[in-house]
Each structure stands twice: as structure tokens, then as C-alpha cells.
Enquirer: 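Before anything else, here's the structure in question.
In this text, all values refer to a predicted model and were calculated from it rather than measured experimentally. We number each residue from 1, following the sequence as shown.
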Amino acid sequence: MTDHALTTDHAPTSSTRFADRFPPAFVWGAATAAYQIEGAAAEDGRAPSIWDTFSRVPGRVHAGDTGDVATDHYHRYREDVALMAELGLGAYRFSIAWARVLPTGSGPVNAAGLDFYDRLVDELLAHGVDPYATLYHWDLPQALQDAGGWGARDTSARFADYARLVAARLGDRVRDWTTLNEPWCSAFLGHGSGVHAPGASDQELSLRANHHLLLAHGLGVAALRAELPAGHRVAITLNPAAVRPLSDRPADLDAVRRVDGLANRIHLGPLLRGEYPADVLRDTASVTDWAFVRDGDLAEIARPIDVLGVNYYTPLLVGAAEDGGTEAGRDDGHGASAYSPWPACADVRFAQVPGERTAMGWGVDPSGLYDVLSRLRAEAPGLPLMVTENGAAYEDRMDPAGTIEDVERTAYIAAHIAAVGRAVDDGVDVRGYFVWSLLDNFEWAYGYAKRFGIVHVDFATGRRTPKHSARWYAALIAGDRVPEAEPASDGLGSIDQE
């Protein structure tokens with residue numbers, strides 16, 4: 001059951017039309033991920049993924065939560081698509097569960113699994129919502145993990161096979177494809193700090209996994225190009241960081257260089273230029289000799305793409321250990337762990353961004369999104385960008401009337417859309433914005449304790465209720481308007497709080 005009761009009386013008060021600041025074909029959408037919303041974890045031939053396994057390890061996920069049911073999107077996708085259409089979304093970014101399509105990661109196709117995505121795509125198109133498919137959003141089939149996972153080179157080849165068969169089935173209707181979502185998280189949170197599946201804590205393995213993920217992307221691009229009609233677009237989505245120093249001390253500036261290498265250039269170098277940055281190789285020489293990089297790999301990784309996806313939530317603030325030692329402290333927003341996701345950075349201090357915070361403890365700073373987009377224009381001139389995730393978790397409360405007035409989330413979204421608008425004004429080729437997330441969902445290691453959705457989900461009943469942020473976003477899309485300036489961090493600025 002969905003409580004739509006959707007009104008558009010929360011439109012921004014600005015008279016500036018978005019067409020004056022954004023390209024005429026600018027895409028307004030929302031994003032989700034398969035394991036976070038689908039549920040039906042053991043239905044219709046789906047096999048376990050690494051997140052099914054990880055979430056069952058005591059202490060790994062808040063309250064022992066799992067994605068077994070999640071928001072039950074597998075059974076309620078028609079209702080969810082109708083809600084997307086009611087919100088006026090032009091596009092929906094979703095991921096495909098590899099273990100639903102290929103239960104063992106390779107071999108025989110599970111027809112029922114592909115049929116689900118067939119139905120979902122048709123439902124989206126019938127409602128005028130363009131499908132944006134992501135092939136990998138962190139849920140590797142457990143069978144492939146048992147064979148070595150992303151630490152094994154063969155997993156990259158298996159990904160290409162998977163990409164090819166999904167594109168062969170859906171490519172006649174899906175024009176926009178993303179290979180990987182945030183390989184940094186898969187590699188370094190999954191294999192370095194261990195706060196994500198598969199839960200490993202090995203710095204050499206994290207760097208090796210990162211390389212094999214990038215290789216999978218390159219092989220996947222080739223596979224998609226072989227199957228897709230001309231004019232279809234292929235992308236990868238990164239989570240580039242705006243890395244800022246604690247001070248202008250040389251040691252703090254060098255910490256920025258090192259972290260920037262691991263957060264950004266370790267991906268941008270291979271993807272855009274076919275090379276790993278020399279300083280990153282030097283910085284991590286104590287961890288690995290990089291022998292897992294073989295001849296031809298970097299050329300494969302650097303295959304041209306059509307769009308670069310950008311996920312952004314908060315900047316990073318770093319410096320050198322205050323005493324010059326190796327116990328620097330880590331408050332980087334990436335979860336508590338005795339192990340760091342930053343190889344060879346034990347002497348780097350990660351501090352909290354000052355000012356307002358979300359329920360995740362992440363600092364609210366839309367200027368970081370502007371900085372990231374501006375940097376990418378300089379590093380990849382001519383490559384279109386898409387903001388594929390941006391949003392915030394807050395402590396939502398439903399009032400007695402059954403409404404959720406999440407004005408903090410609305411302000412966050414408005415401020416970041418304004419930052420995108422400022423980048424567009426400066427000539428950055430940004431093609432769209434996808435809010436994270438359409439629905440409250442299974443938030444990885446935080447389970448159901450953190451809510452990012454613009455639509456509230458009662459996890460006991462499945463009931464969907466659009467929040468203030470959903471109504472505001474719908475009004476923005478329908479009214480073709482954006483805030484004239486970034487709202488102040490302590491209020492909604494130019495948007496109507498009502």
C-alpha cells in the first residue's frame with residue numbers, strides 16, 4: 001500500500017527556471033541498488049551474494065539486519081514505478097543482482113531472474129521513466145567469492161560474460177549502462193577495513209581487488225559495446241572525494257596528496273590515461289609490488305566511456321599525525337573498524353568536517369560537489385558527467401497526520417542541486433542528477449537504522465509514504481525551477497518550508 005497524497009505546493013520560491021541553468025535534456029532521477037531494495041533473496045532461483053553471507057555474520061550488520069526482504073521491491077516494483085511516475089522522475093537508476101541472473105556467477109542463466117528485469121524495464125518505459133542499469137552494485141555472487149572473489153583475476157572475465165548476456169537481453173530497451181558502482185567501496189571497504197562484504201582486512205588484497213574491478217570494467221565495456229546498438233551509452237560510477245587539508249602545513253598538504261591518490265587518482269589515472277599515478281605506486285610499495293598488473297591491463301581499463309557517473313555525499317578532511325607518529329586517528333565516515341581502508345596511510349589523520357551533519361555523521365558541504373565536478377571537467381575534458389547519487393540520511397519522524405516533514409533532507413538536496421547548477425553555469429557538462437535514494441532501504445552495514453529515502457518505507461508493512469523531500473523534488477521537476485543560491489546550512493534558504 002502506498003500513501004501518495006502527493007502535492008506540489010512545496011515548490012521553490014525562486015522564479016529561475018532550470019532550463020536557464022541546465023541543459024534542455026537534463027535528467028532528473030532517483031537511484032537504488034538491488035540488494036538494498038529487492039528482497040526475495042531465495043526466490044525464483046536467486047543464489048546468495050556476498051552480502052547475504054556477510055549480513056549473517058554476527059556483529060557485521062546493525063541489529064543483525066539482512067536484505068532478505070528489504071523493501072520487497074521484487075514483488076512491489078509496479079507500485080514503485082507508479083510512484084516514480086507520480087513524482088515526475090525522468091529516469092530511474094537501478095542495479096541488477098548478478099546472483100539473480102547467474103546464480104553461480106557464470107554458467108547457466110536463471111531465466112526467472114532475467115525475466116524480472118525484463119518486466120521492470122517494460123514497466124518503467126510504460127510509465128515514461130528511462131531505465132539506467134548498473135551491472136554491479138557490490139553484490140558479488142557468493143560462488144565467485146568462494147573461488148577467490150575480486151582477489152582473483154578470473155572474476156573480471158566472469159563479469160564481462162555477465163555484462164554481455166544482460167545487454168543481449170535488455171539492450172534493445174535500455175540505452176544507459178553502468179559497469180560498476182563505486183569500485184573504491186568494493187575494494188577498500190570490502191577488503192581493507194572489512195566493514196563491507198566480503199569483510200576482509202588485507203591492504204594488499206584491497207589494492208589487488210581494486211585493480212581487478214577496474215579490469216572488469218574495461219572488459220565489461222568491450223562486452224557491452226559488442227552487444228548494444230549504436231548510440232547507447234556506457235559509463236562507470238565513481239565516488240570521487242573532495243580532499244581538503246587540516247592546515248596549510250607541508251605535512252598536511254602531503255597527506256592530501258596521498259589520500260587523493262587513493263581516493264581519486266587510483267581510478268582516474270587508469271580510466272582516463274591508462275596509467276597508475278607514479279606517486280601512488282611509490283606510496284604503497286610497502287604494501288604490494290603491483291605484480292597483479294599485467295601487460296595490456298591498463299589499455300583494457302582505459303577503453304573510452306560515454307559518461308562518468310559521480311556519487312557525492314561529503315568531503316574528506318585530512319592531515320598528518322600531530323606527533324609525527326603512526327596513530328593518527330580515523331574519522332573518515334566509512335564505518336568503525338580496527339583496520340583502515342587507506343593502504344599505507346597509518347600516519348594520516350582523518351577528521352570530521354566542521355558544521356552541520358547528517359545522521360551518518362557526514363558533514364554537509366555542497367561546495368565539495370561543485371569542486372569535484374569542476375575538477376573532473378579539467379581532468380576529462382569532453383567527457384559528460386552525471387551526478388548518479390547524492391542525498392542524506394536524517395532521523396525522520398512521522399507526525400500524527402502520517403506525514404514526514406524532512407526539511408533537513410530537502411535543504412541538503414536543494415543545496416547540492418544548486419551546486420550542480422553553479423558548475424553548469426561555469427561550463428561543466430553535467431547531464432543529470434539522481435537523488436539517493438528513492439526509498440528508505442537496507443543501508444548496508446547500518447541495516448535499517450539509517451534512512452536515505454525521499455519516500456518513507458514502513459519496514460513492517462511495506463507501506464510507502466512520500467516525504468517533504470519527495471514533494472519538493474516533484475515540484476522542482478514539474479515547475480522547472482531550482483533555488484537561486486545554495487540554501488544556508490542552518491535552514492532551507494530560498495525553498496518554502498511551509
Side-chain angles (χ1 to χ4, degrees), residues 31-43 46-74 94-95 97-100 134 136-146 149-150 181-202 205-206 209 239 311 313-314 330-341 358-362 389 391-396 436-453 456-462:
T32 65
Y35 189 73
Q36 294 182 269
I37 67 165
E38 284 183 0
E43 291 187 38
R46 181 189 179 278
S49 76
I50 56 175
W51 271 96
D52 293 285
T53 302
F54 183 81
S55 64
R56 283 168 168 75
V57 177
R60 290 294 201 179
V61 175
H62 173 79
D65 294 338
T66 74
D68 288 358
V69 177
T71 70
D72 200 27
H73 174 75
Y74 187 80
F94 63 97
S95 76
W98 191 343
R100 195 178 293 285
T134 296
Y136 186 70
H137 199 130
W138 308 351
D139 50 351
L140 187 73
Q142 183 61 41
L144 287 182
Q145 180 61 35
D146 294 342
W150 290 113
N181 179 80
E182 297 184 0
W184 187 92
C185 293
S186 296
F188 297 105
L189 299 184
H191 300 82
S193 64
V195 299
H196 278 196
S201 51
D202 180 328
L205 176 60
S206 69
N239 56 321
N311 292 355
Y313 294 93
T314 189
R330 182 173 66 84
D331 196 351
D332 60 1
H334 291 303
S337 172
Y339 304 94
S340 173
T358 70
M360 298 289 289
W362 298 345
E389 284 184 27
Y394 285 102
E395 301 296 335
D396 297 331
W436 182 272
S437 176
L438 176 69
L439 303 169
D440 290 335
N441 55 40
F442 176 86
E443 187 50 42
W444 307 113
Y446 295 94
Y448 298 101
K450 305 296 183 185
R451 293 177 177 268
F452 276 85
H456 179 273
V457 176
D458 183 322
F459 295 117
T461 66

Enquirer: Within a strict 4.5 Å, meaning less than it, do heavy atoms of the Ser337 and Arg330 side chains meet?
Expert: yes
Enquirer: Does any part of the side chain of Asn311, heavy atoms only, come nearer than 4.5 Å to the side chain of Asn181, both counted from C-beta?
Expert: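 Yes, their side chains come closer than 4.5 Å.
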Enquirer: Tell me every residue that passes side-chain contact (heavy atoms from CB on, under 4.5 Å) with Asp65, counting only those two or more places apart in sequence or in another chain.
Expert: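 Here the qualifying residues are Val61, His62, Ala63, Phe442, Tyr448.
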Enquirer: Heavy-atom distance under 4.5 Å between the side chains of Asn441 and Arg451, does that happen here?
Expert: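 Result no, sub-4.5 Å side-chain heavy-atom pair not found.
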Enquirer: What verdict does the side-chain contact (heavy atoms from CB on, under 4.5 Å) test give for Trp138 and Glu182, after you've listed the backbone C-alpha separation in whole Å, the side-chain angles of each residue and the deciding distance to 0.1 Å?
Expert: CA-CA 8 Å; Trp138 308 351; Glu182 297 184 0; 3.2 Å; yes
Enquirer: Once you round to the nearest 0.5 Å, how far does OG1 of Thr358 lie from CD of Glu395?
Expert: 9.5 Å
Enquirer: In the structure I gave you, are the side-chain heavy atoms of Val69 and Tyr74 within less than 4.5 Å of one another anywhere?
Expert: no
Enquirer: Less than 4.5 Å apart, any side-chain heavy atom of Thr32 and any of Gln36?
Expert: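 Side-chain contact under 4.5 Å: no.
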Enquirer: Can you list, pair by pair, the side-chain donor-acceptor contacts under 3.5 Å of residues 184-201, counting residues two or more places apart and other chains?
Expert:
from	atom 1	to	atom 2	distance (Å)
Trp184	NE1	Leu262	O	3.3
His191	ND1	Ser186	O	2.9
His191	ND1	Ala187	O	3.3

Enquirer: Assign the ring pair Trp150 / Tyr136 to parallel, tilted or perpendicular, where the plane angle (0 to 90°) is split at 30° and 60°.
Expert: perpendicular
Enquirer: Are any non-hydrogen side-chain atoms of Trp444 and Tyr35 less than 4.5 angstrom apart?
Expert: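 They are in side-chain contact.
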Enquirer: Got a sec, which residues hit ring pair (Phe, Tyr, Trp, His ring centres under 6.0 Å) with Tyr446, two or more places apart in sequence or on another chain?
Expert: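 Per chain and number, Tyr446 pairs via ring pair (Phe, Tyr, Trp, His ring centres under 6.0 Å) with no residue.
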Enquirer: Check whether more than 12 heavy atoms from other residues, nucleotides or ligands sit under 6.0 Å from atom CZ of Phe459, and answer yes or no.
Expert: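 It does: Phe459 CZ has more than 12 such atoms within range.
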